[in-house]
Structure formats: structure tokens, C-alpha cells
Amino acid sequence: MGDFNLDFYHVKTFPTYLSSEYFLYQLITSSTTNYDSLLDHIYTNIDKSQIHSAGVLESYFSDHKPIFIALH
């Protein structure tokens, strides 16, 4: 979880590697910066039935928006 500085919209090899090697999937699918890039990621192998929600919040103090995951 965090700032990977890899734009998920343009770099597909890293998420594919994490998926195939470690069985992780990305939860964040919308822009996480004010520049319409997805640099902040949450990768997990937690069963999807255990995840209540995940997403992006708005921030007025940074060009990166906070990301979150909430579990049941």
C-alpha cells in the first residue's frame, strides 16, 4: 500500500508480475493525484469477501489523494 510512483494506467508489467508471482491484486482503480495518474496502489491477497470497501479520498494539502481499505 502506498506511493509506488508507477502510473497504473500506463505500467502494466508490475501489476501482472505481482499477480502471477504473489497472487496479489490491485484495489485502487481511479486517479490518486491531481494530475489524473494512479500512483498510489493497494495490493492484497485478502479474500474479496473480507473487503468492505477501498478507494480514494480528496485532499487539499497534497497533490496525492489518500487511499484506504476497510475490512469487515
Can you tell which of T33, D40, V56 makes a side-chain contact (heavy atoms from CB on, under 4.5 Å) with K65?
V56
Can you measure from CG (D3) to NE2 (H41) and round to the nearest 0.5 angstrom?
8.0 Å
Looking at Y43 and P15, what are the two nearest heavy atoms and their distance?
OH-CG, 3.6 Å
Rounded distance [0.5 Å steps], CG in D7 versus OG1 in T32:
8.0 Å
State the OG1-CG distance between T44 and L71, to the nearest 0.5 angstrom.
7.5 Å
Quick one: OG1 on T16 to CD on Q26, what's the gap to the nearest 0.5 Å?
11.5 Å
I would like to know whether H10 and L38 meet side-chain contact (heavy atoms from CB on, under 4.5 Å); could you show each step before the answer?
CA-CA 9 Å; H10 297 104; L38 202 166; over 6 Å; no
State whether Y25 and K48 meet the cation-pi test: NZ (Lys) or CZ (Arg) under 6.0 Å from the six-membered ring centroid, and within 45° of the perpendicular axis.
yes
Looking at every non-hydrogen atom in both residues, tell me the closest pair between S62 and N34 and how far apart they are.
O-ND2, 3.8 Å
On a heavy-atom basis, the closest approach of H72 and S49 is CD2-O, 3.1 Å
Would you check if the distance from the ring center of F4 to the ring center of F14 is below 6.0 Å?
yes
Any chance NE2 of H52 has more than 12 other-residue heavy atoms, nucleotides or ligands included, within less than 6.0 Å?
no
Flag yes if Y22 and M1 sit in one hydrophobic cluster, no otherwise; membership is Ile, Leu, Val, Met, Phe, Trp, Tyr, and two members link when side-chain heavy atoms are under 4.5 Å apart.
yes
Hey, could you give me the CG/CZ distance between L39 and F8, rounded to the nearest 0.5 Å?
12.0 Å
If you measure from NE2 on H64 to OG on S37, what distance do you get to the nearest 0.5 Å?
7.0 Å
Scanning both residues in full, the closest heavy-atom pair of Y9 with S31 reads OH-N, 2.9 Å
Grab the two heavy atoms, one from S59 and one from F61, that are nearest each other, plus how far apart they are.
OG-N, 3.2 Å
L57-I51 co-clustered via ILVMFWY side chain contacts under 4.5 Å:
no
Shared hydrophobic cluster for F68 and L24 (ILVMFWY, side-chain gaps under 4.5 Å)
no
